Trainee: 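Below: one structure in structure tokens.
Bear in mind that the values here come from a model prediction, so they are computed numbers and not experimental data. Values below: all heavy atoms of this structure, side chains included; hydrogens, waters and symmetry mates excluded.
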Amino acid sequence: MGGSSSSLLDENKCNYIRGRAEAELKNFSPHYRRQYAVAFFRQLHDEVEQHRTVETHLLKHRQHTEPGKVLHEEVMTHYSAELKKWKEHYVLVRADYSLEIHENYDSFLNGTSPKIRLLPAGGAVLMSEDQYTALADRFFPDPSGVSEEKAPPIVSMPDQFPVYLWQPYQKHSYFCFHGADSQKSFAAALGDCIRHQNHDYHKKTKCEVRAFLEAVQFYRQEKGHYGSWEMLIGKDVQVLSNLVMEELLPSLQTELLPKMKGKKNDRKRAWFATIEDAYNVVMSQVSTGLSALEEECRGATKQQEGLIRSDMDQIINSKNFLAGKLKATVSQPALKCCMENVQPYLSSILEELMGPISSGFSEIRFLFETEVNKMSKDYQESSSIDKLKKGLAELGDLPFTSLKMQPCYRKVDVLCEHLQELRNRFKFSNTDRLVQITQNYMQQIMDNVVHTFEQLLSNSLQGDPSQICSAIEKVKQRVLKQYDYDSSTLRKKLFQEALVEITMPTMQKSLAPSCKPELQRFEQYIFADYTNFIQVEHVYEEIILQTLLSEIDKVVKEAANMKKHNLFVDSIDFPFESQSSLTDSKTLPGSIPASPAKHLVPPIEDANPQAQGNGVPESQDQPSKPEPALPEAPESIVPAKNDQQEPSAVGIDPGITINAESLTVNMASLDIANEVEEEKTQEHVVHKEIQAPDNLKEIRDLITVVRLEDPGDRDPESHVELLEQEESILKEELRTLESDRPENNEAGEESGMTSEK
């Protein structure tokens, strides 16, 4: 904060800090090596099996914005810590959500590098001196305990509209404006930067990222920490540095704070400057060590690539065998723990989540509709195509116009208050993370909405100008219908992720004393050549997760069945693990939202311990069967599966990562062979010519056939409507036949019941 001149670190202290960072990295490295090998195997398996994520959305996804694009720019007064004075600077926010501070606009145009470039992960934006002072006091553990009546501000503002950027362990930044509008606009843009810098890195599917996040989870569990961690933010070097600082701070406080003299503000400056210097030393040490560790793992796994590719099936079968053995021990206590400690509270937690999140998505819908109506009205009054194109350009920038999006984001902010009770029961306090991730998804779905609107309207702009207003209204209504559907799908996914993040640590911590000591003996079930690619801890976590998700899925489906907050339930019930357009633009050729869904965690075996019989796991020849996402087709439509089919392993689509630090075991680790089995089943579906039905069973069968019918190249939205129409007709015929049945003929009724069964 005050710079190195106020720091209390000498060379001996710096060497001590380097040693602590090196020791932490040494303890972390075995976890990273293990998780890197597992993540590398998963990556190769996905490549071999050509696993792709089926999109489950109707709105179109815009290609990634150029990282260098400027989203916000302004000339403002900025406090220079080096000069200790205020100066006007040209400040901008880029599409990679970095903040650049340039000497002036001319130096920016000339291509001069920025004076300061900030990646404000973990930051907080404050707009008053009182807020900033209160936060500074929280992070200054004053041993004297003496409070000053009215201490002068740490930095005096030249105007009445300040913005403070607080960053943990780093220098704070100060900005000032001449008006409230500029102040609010810049603060909103900074908020976007912080949200994305906090969480965008964790969405990446690269082997190194997945391995790192999983290693952090298991490393913290080893220390007894199971809950969501507030400092798991930013990129890998920053996260690992936060781990070091968490261990280092108590010793620095004990040794250095008592030596500080002077007024409280002077001691604050010295303390924050010391912490900043310590963090820089840690970052430098961690960056070098982690880079070398990644290179080592990259080389080791490259040497094993040939073995993985040649023995892929054997590795999968070995994992399946281990899963069967482990389930016999873990399933029953996991289910008991879930039913006693988690399940009774799921519905009430979901209620608290649904209101604010759904309110935020409704506000996104309202904002889009308002902006389109305004654009249409402006064109109607001016009849200017140029003005309409300008309006469309502004609409395209709406997701990145932070100030306009703020009312939508604020709807979700109340989650922090709604979930206060979780601090006591589930020891969950990281509500900021849930809020920020939800807001990021809200921004992305707004981007999808405006992009889809632009695409659908583009052809109409070339036609009759007198029909443009009519075209705008028609396209708007179509896009809003698509938005409602995508919003429902995304919100159900968010609810499931949030419930897992909140409740999974409780199960992990409760089961650890009795189950974890037993895990080592299961190592014997893994072939020696495959121990790098199969981790008992992973399979153990997967079983717990599967047990929890089965209960979470029930409460979310129940809410959808009751149509709470406009959640949809239809024949195209998309799976939890599907990577929506909000995170990935890949799609399977020819696939549309009506494609049969795949479930997030297909059972390893029956999760019900009563189905285990005497506790012996089912035979390897009995593949696990995922719960069908669509009504089961009659036997005449879907042929029986081959009894000799290879068993499916624990599986989850590789694209999804549950956004929970407490669950950074990448959900992709559960994915092996279940998708292949399901695809084979779908390939054998026989589309027979539908004859006129003459009994109840045939009509019910036809309803199922209509649901399973291959949509081909139809438009997704029209296909949904067609399915609904066909099903409605068939159901009407079903009701007619039922009403025509003889009511007093018991034998006839019994015969009909037997036929239906």
Side-chain angles (χ1 to χ4, degrees), residues 56-57 59 97 121-122 124-125 188 191-203 228 230 232-233 346 349-368 398-400 402 404-420 422 426 428-449 483-504 552 555-556 559-560 564-567 574 576 578-584 656-663:
T56 59
H57 67 287
L59 296 169
Y97 294 100
V125 180
D192 285 358
C193 289
I194 291 169
R195 289 198 327 269
H196 286 277
Q197 288 293 336
N198 282 351
H199 306 296
D200 281 359
Y201 172 78
H202 304 162
K203 296 193 301 183
S228 180
E230 288 86 348
L232 199 144
I233 47 179
L346 288 176
I349 299 172
L350 180 60
E351 285 292 334
E352 298 295 339
L353 290 169
M354 283 194 297
I357 290 177
S358 297
S359 178
F361 278 83
S362 296
E363 195 71 17
I364 290 286
R365 188 188 197 277
F366 175 76
L367 176 60
F368 167 74
L398 182 59
F400 312 105
S402 306
K404 283 189 176 181
M405 294 288 289
Q406 279 301 298
C408 307
Y409 298 150
R410 280 197 289 268
K411 295 288 184 180
V412 189
D413 285 337
V414 297
L415 266 181
C416 296
E417 301 170 12
H418 283 221
L419 300 179
Q420 281 298 316
L422 299 176
F426 292 102
F428 179 81
S429 58
N430 199 4
T431 50
D432 285 344
R433 172 184 163 74
L434 292 182
V435 169
Q436 290 178 2
I437 287 175
T438 300
Q439 290 169 342
N440 282 350
Y441 277 126
M442 289 165 60
Q443 183 182 21
Q444 183 61 71
I445 200 171
M446 175 64 94
D447 192 30
N448 289 0
V449 167
Y483 174 84
D484 290 340
Y485 193 87
D486 283 12
S487 166
S488 170
T489 302
L490 178 58
R491 281 181 290 131
K492 285 189 284 186
K493 174 179 177 288
L494 279 170
F495 298 151
Q496 287 170 313
E497 290 181 354
L499 288 171
V500 167
E501 180 170 358
I502 291 166
T503 59
M504 182 73 169
I552 289 176
V555 298
V556 174
K564 290 186 176 181
H565 298 282
N566 201 30
L567 293 177
F574 294 139
F576 173 36
S578 293
Q579 189 83 341
S580 91
S581 64
L582 305 179
T583 53
D584 195 350
I656 185 69
T657 301
I658 288 189
N659 292 315
E661 285 83 354
S662 61
L663 190 63

Trainee: Considering only heavy atoms from C-beta outward, does the side chain of L494 approach that of F361 to under 4.5 Å?
Mentor: yes
Trainee: Side-chain donor-acceptor pair under 3.5 Å between N448 and Q444, yes or no?
Mentor: yes
Trainee: Is there a donor-acceptor pair closer than 3.5 Å between any side-chain N or O of N198 and the backbone N or O of G122?
Mentor: yes
Trainee: Below 4.5 Å, heavy atoms only, C-beta onward: do E230 and D432 meet side chain to side chain?
Mentor: no
Trainee: So that I can tick it off, tell me whether R410 and E363 are bridged by a salt bridge, with the cut-off set at under 4.0 angstrom between side-chain N and carboxylate O.
Mentor: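 No, E363 and R410 are not salt-bridged.
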Trainee: Would you call N566 and S358 a side-chain contact if the rule is heavy atoms closer than 4.5 Å?
Mentor: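 Side-chain contact under 4.5 Å: no.
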Trainee: The test is side-chain contact (heavy atoms from CB on, under 4.5 Å); show your working for E497 and L434 and say whether it passes.
Mentor: CA-CA 9 Å; E497 290 181 354; L434 292 182; over 6 Å; no
Trainee: For the atom pair CD1 (I445) and CG (N440), what is the distance rounded to the nearest 0.5 Å?
Mentor: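 So the gap between those two atoms works out to 13.5 Å.
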Trainee: How close do G355 and H565 get, counting heavy atoms only, and between which atoms?
Mentor: CA-CE1, 3.7 Å
Trainee: Hydrogens and angles aside, do D192 and Q439 bring a side-chain donor and acceptor to less than 3.5 Å of each other?
Mentor: no
Trainee: Once the angle between the rings of Y97 and H196 is folded into 0 to 90°, is it parallel (under 30°), tilted (30 to 60°) or perpendicular (over 60°)?
Mentor: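 Rings of Y97 and H196: parallel, as their planes differ by under 30°.
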Trainee: Mind checking the CG-NZ spacing from L490 to K492? Nearest 0.5 Å is all I need.
Mentor: 11.0 Å
Trainee: Is the shortest heavy-atom distance from the side chain of F495 to the side chain of V555 under 4.5 Å?
Mentor: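 A side-chain contact under 4.5 Å is absent here.
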